[in-house]
Every structure is written in structure tokens, then in C-alpha cells.
Amino acid sequence: MQVKSKKQNAAKRAENKTARWLAAPGLILIGIFTIIPITLALTLGFTNAQLLAPTNPDFTGLNNFKTLLGVSAVTLYAEKNPDGSCMKDETGAVAYEPLRPLTRDDSPRKDLRGKSEFKRIFANEKDCSIKVIVAGDPVFWRSLSNTFFFALIVVPVQAGLALILALLVNQRLKGRNFFRTVYFIPTLSSMVVISMLWRFMYQQDGLINKSIANFMPGYAPIDWLGNPKTAMPAIIVLSIWQAVGYHMIIWLGGLQTIPAELYEAVRMDGANKWDEFRHVTVPGLRHTFVFILITITIAALGLFVQINVLTQGGPLDSTSTLVFQSFTRGYQRQEIAYGSAISFVFFILVLVIALIQRSMTKRLDT
Amino acid sequence: MKINYGRLVSYFAAILFTVIFAFPLIFMVMSSLKPDFNLLQDVGTMRSFLPVGPISFDNYVGVYDRIPLLRFIFNSLLVSTITVALGLFVNSMLGFALARMEFRGKNFVFAVIISTLILPFEVLAIPLLYLMVKAPWISFDGGFHITQGIFNNYQVQILPFIANAVSVFLFMQYFKSLPKELDEAALVDGASWFMIYRKIAMPLAGPAIGTVAVLTFLPMWNSYIWPVMTVQDEQFRPIMIGLQYFYVNFGTAWGQIMAYLTILTIPVVILFLSMQRFFVNSIATTGIKG
């Protein structure tokens, strides 16, 4: 008895030892290249680290985050004409007092110093005033709102279109493998390649404008990527075009886990196609649904390559995004600390989404 | 004969989507064969999707003359292959330990792997760049000495991407699916755990190896942002960066750009067509990709 347990202990020790040797290379690499960067992402934002500075970074507390997230509001006034209407400038716009003196370093309003205009809201015709939101980094806020806008459109449209494609090629169509392959090929190609291709398609004399002109004589070609109104929608379209086939495959995987007997059972009960979809397909896909929602959301919040290749955030910051800003500040301007502060915000967003996923999955399982 | 309208609509939709997804790519390939003048003239007509007019491989020759194409292809293949090969070892070993063995700290390791699964690379890019610039490296020029910065070389493109939570997870899931009796029988026969990993588990892991290889190769071949930040030296640059050479004189060399885009796309399409099963596996089982 004694002998056997000694032998067992020796075996356990050997197992423990070998397991550690097997795990070590992977763990060391994950430690260096994932865990340390995560730690840096969470801490560098509180310093003044520069990419190529020879000195060690100093701790600067919340300074970066104060600049990044600092927002205030101020009311600007215009003078009144004798008839009670507001004074206008030569272009016909109300001539409000300038914002600049209020945001200078010697401004009487300390909370406005160093900030600049983000948005003008609530013009009040009666007392000739306008509320202005000023921010320490208006480009960051614009980028954040662009990123959310992108995600808000891309997530439902891409998930929905992918489901439609999956349902389509899950039928017994002739050549369905061909269709699947065609829908999937854009995802194989990198986003860089796809962006370059669409750059030509979006040109003023490009594929899209010329094709539209064929159907609509007298159509004035649109500079899709050069117009602040159309640039982001154009990027949304090409992003969905590139990635939708990928999520089609995930939906297909989900569809194929639904047992055929379930369909037969409801058909026996006299259900039509729509009933089948609602009572068998939809419940059968709920785990896939959560998964797809989360992966598209996280990918959408990371929007970057398309911006880098196509617009560099322009025109007028209309396509600047969170990751693009962290790249611009952290790499191009070498302000690692500030770039990391932006990464920090992105990290928190991903964390929140991961928590949402967990609670959604839990709710589905109960 | 009764016409099935539902079916008809399905076919119509399937073909419509085929046009939407295939035509831009067909346009890319066809344009790569045409001189710029004809390329631009054909735009907006069906001719732009057909190999008509003065067709030649001149644009490909032009690409070859403009950039060090073979060097870039070599670099990309080298970096991708080494990462895939090392990744297969490292990740399968870790996956094996987690799936089939007991060791202290296992639960903690498992938790770390799971929580990094979802993390996109974009979060880490800037801090990682800082880390690589500051990191020490042992360099050799007659004698060994320690230098600062892993930068502008192959290592910086390989090291961060060898260990990968998704690959570990895939291997772990696969090894879990193998019957436990295999280990027990081998242990009774006096095999060591390492032998079990090498002689039993890995030879059975073909599907997982294929899936992980595909899953690692594709983003490595397509990688763009990381080499943009870390590799300035032409000698080490991967193929995606080559696109930057066409930004100069933009709009005048569209034929060459289309040729280059075609060169970039063909290898992955071939890989896909020859390893389709693994692609579908890799997506169906994880679905995590940048």
C-alpha cells in the first residue's frame, strides 16, 4: 500500500513537472507579448512616455486623461440690434463673440483653458446666445462618436445580411458551394487590398460613379471619400462587403447544429416556413447570435485599416476613429503615453462588451 | 409543371449577391491586364469585367520594376512560415498541458487564456510598440552584446505572434476530445508525458494542426499595421507594405496597383481552395479574427 502511494506521488510529481515544461514556452511568450502590453496599456496613460525619448517616463497622474476626456460648456452671446434681433455678420450668420479669448491660457474661466470647440448646440434667438461644448481633445470625441456610428450601423446590417446569406446558401440550391465560396472570398483578401480596390471604385471617375451615370444621364459624380457626408457611409459599405462572408460561415455553422427532426416536427404540426424560422431557427441560433454580435461589435470598434488606407481620418475628421487616433498620437506623433490613454478607453469598451456577452450567455443558458 | 417561386427568388438572390461580391474582384483581375488608358475607358461598361482590348502582363512587369517584389514575397513567406511553425509547437504544448494534464496553477493559466481570447490586437499595438522599442536583444557581430530595441528586423514581426490564445484554445478543445484511455494505456506501458504528447496526441491532431496553421498564416500574410509601425528597412518589409510604394503619383498607375492587388490575393485564394475544410473549421470553431 505504502509503496503504491509513493509510486503515485512520484507519477504526480512527474506529471506536474512535464506539464510545466510543456506550458512554459507558450506562457512566457503570452506573458511578454500580451500581459505586459496590457499592463502598459493600463499604466502608460498615466505617464509622459515618448516613443524615442532617451529618459525614463515620469508619472503625471491624470493629466492625459484630463486632456482626453475633459469637457466643458460655455455660452457665447451676440450683440442685439435696436429692433431686438441678433447682430449678423456679412455672411448672414449671427455674430457671436469669439470663443478664443475664453480658451486661452489667461482665460478668466479656468476650466476652459487649453480647450477648443467641439460642437455648437442650442442657439437661443431671444437672448442671442449659443451654447458651445468645448473639449480638451475635440478630435477624440469626434473619433469616438464616429466609431460608435460605424458600429451602430455595421453591427446589425452585417449580422443581418450574413444571416440572409447563410439561410440562402443553406438551402438545397444547385451550385450552393460555388455561391458560398464567392461570398467568402472577399474575407480572405486583406482589408488593405480591399480598401485599395474600393478606393478606385469610389473615385470620381471610378466604377461606382460611372455605373450610376449609365442609368442616370446628367448624374453629377460624387467624390465619395472626399465628402464629409459620404466618406463614413462609403467606408461602412466596403467594410460590410469585405467581412459579411465570414459571419455567413459562422451562421451556417449554427444552422447546421439545429437537428433536422425539429423542423420535421413543426412541419407535422402544419407550420409554414415563417413559423419554422421563428420557432425552430431563431431559438436554435441564439448562442451563435450572441457570438456574432460580440465579435462584430469588437471588430467594428477597432475600425482602423480602412481609415489608414483611404482617408487618414479626413475629410474634417469625419472618418477619424478611436484606434486611428491612438495610432496617430502614439505612433505618428510618438506620444506613446497619450496613445496609450486612448487605448485604455478602447480597452474599457472591449471589457464592457465582454461583460455584456457573459451576462447574455448566462441568461440564454438559464 | 408547377413553378416553385420561392426557389426562383432564392436563385435570383444568390446570383445577385454573386454579382455584388465577385464583380469588384473580377474587375481587379481584368484591370491588371490592361494599360491605364483602356482600364479607365472601360470603366462603367461591361468591358471592365472582361479581358478585352490590348491584354498583356505589362503591369506585372511594371510592378516588378517598381518595387523589390521577390524580396517582399520572400520576407512575407519567411515571417509567416516561421510564425506558423513555432506557433504549432508552442500552442499545442500549452493546449495539451491544459487539456490532459494536472498541474499547479492550471486554473489560473486557463483563466488568463480565456480572458485574452477576445482582446483585439489594436488595444495592444501602441504599448507593444513601446515595449519592442525599449526591449533588450542579444545581437551578434563578431561577439555577443546586448542592444536596446527589437526593431526593423524579422524578429519583431514574428515574436509577438507565436503564442496565441485562440490557437491554444483550439488545440485544447481538440485534445480534450481524444479518449482519456490513450494516456492511461501509454503511462502503464511506461511512456512519459512528453512521449504521449509527441507520439500519440500530435499525430492524431491533424485537423487541429491544419486549422491553427490556416488561422495563423492568413493574418500573418495580411499583416499591415504592425510592420508599418516597426519595419522601416526595405530589406525586411513584408508584401502588404509594398502598396505604399504606389501612393506616389497616385491615380496614374492604376493598372499596376490592380496587378499588385492581384498578386497579394492569389496566394490566399489558392490556400483557401486547397485547404477549404480547415478554413471552415477554423471559423466554425472559434470565429475570432481581426
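The model shown is predicted, which means the values in this text are computed figures rather than measured ones.
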Would you call the rings of Phe17(B) and Tyr183(A) parallel, tilted or perpendicular if under 30° counts as parallel and over 60° as perpendicular? perpendicular
Taking the six-membered ring for Trp, are Phe272(B) and Phe184(A) parallel (under 30°), tilted (30 to 60°) or perpendicular (over 60°)? tilted
Heavy-atom proximity to chain A below 4.5 Å, by part of [X]:
{"X": "Leu39(B)", "value": "side chain"}
{"X": "Ile113(B)", "value": "side chain"}
{"X": "Tyr197(B)", "value": "side chain"}
{"X": "Thr18(B)", "value": "both"}
{"X": "Tyr260(B)", "value": "neither"}

Minimum heavy-atom distance between Phe33(A) and Leu124(B), given as atom pair plus value: O-CD1, 4.4 Å
Minimum-distance pair of heavy atoms, taken over all atoms of Ile126(B) and Ser343(A): CB-OG, 4.3 Å
Proximal component of [X], with respect to chain B [non-hydrogen, under 4.5 Å]:
{"X": "Val169(A)", "value": "neither"}
{"X": "Asn214(A)", "value": "side chain"}
{"X": "Gln332(A)", "value": "neither"}
{"X": "Ile36(A)", "value": "side chain"}
{"X": "Lys174(A)", "value": "both"}
{"X": "Ile28(A)", "value": "neither"}

Does Arg7(B) have more than 12 heavy atoms from other residues, nucleotides or ligands lying within 6.0 Å of its CZ? yes
Checking [X] side chain against [Y] main chain: does a donor-acceptor pair fall under 3.5 Å?
{"X": "Tyr331(A)", "Y": "Thr230(B)", "answer": "no"}
{"X": "Tyr130(B)", "Y": "Ala41(A)", "answer": "no"}
{"X": "Trp241(A)", "Y": "Ile20(B)", "answer": "yes"}
{"X": "Glu15(A)", "Y": "Glu102(B)", "answer": "yes"}
{"X": "Asn222(B)", "Y": "Met191(A)", "answer": "no"}

Could you go through the side chain to side chain contact (heavy atoms under 4.5 Å, CB included) check for Thr18(A) and Phe96(B) one step at a time? CA-CA 11 Å; Thr18(A) 316; Phe96(B) 179 83; over 6 Å; no
What's the spacing between Met101(B) CE and Asn16(A) CG if we round to 0.5 Å? 8.5 Å
Name the option with the most non-hydrogen atom pairs under 4.5 Å to chain B; the candidates are Thr39(A), Val305(A), Leu51(A). Leu51(A)
Could you give me the CA-CA distance, side-chain angles and deciding distance for Val192(A) and Leu264(B), then say whether side chain to side chain contact (heavy atoms under 4.5 Å, CB included) is met? CA-CA 10 Å; Val192(A) 188; Leu264(B) 291 171; over 6 Å; no
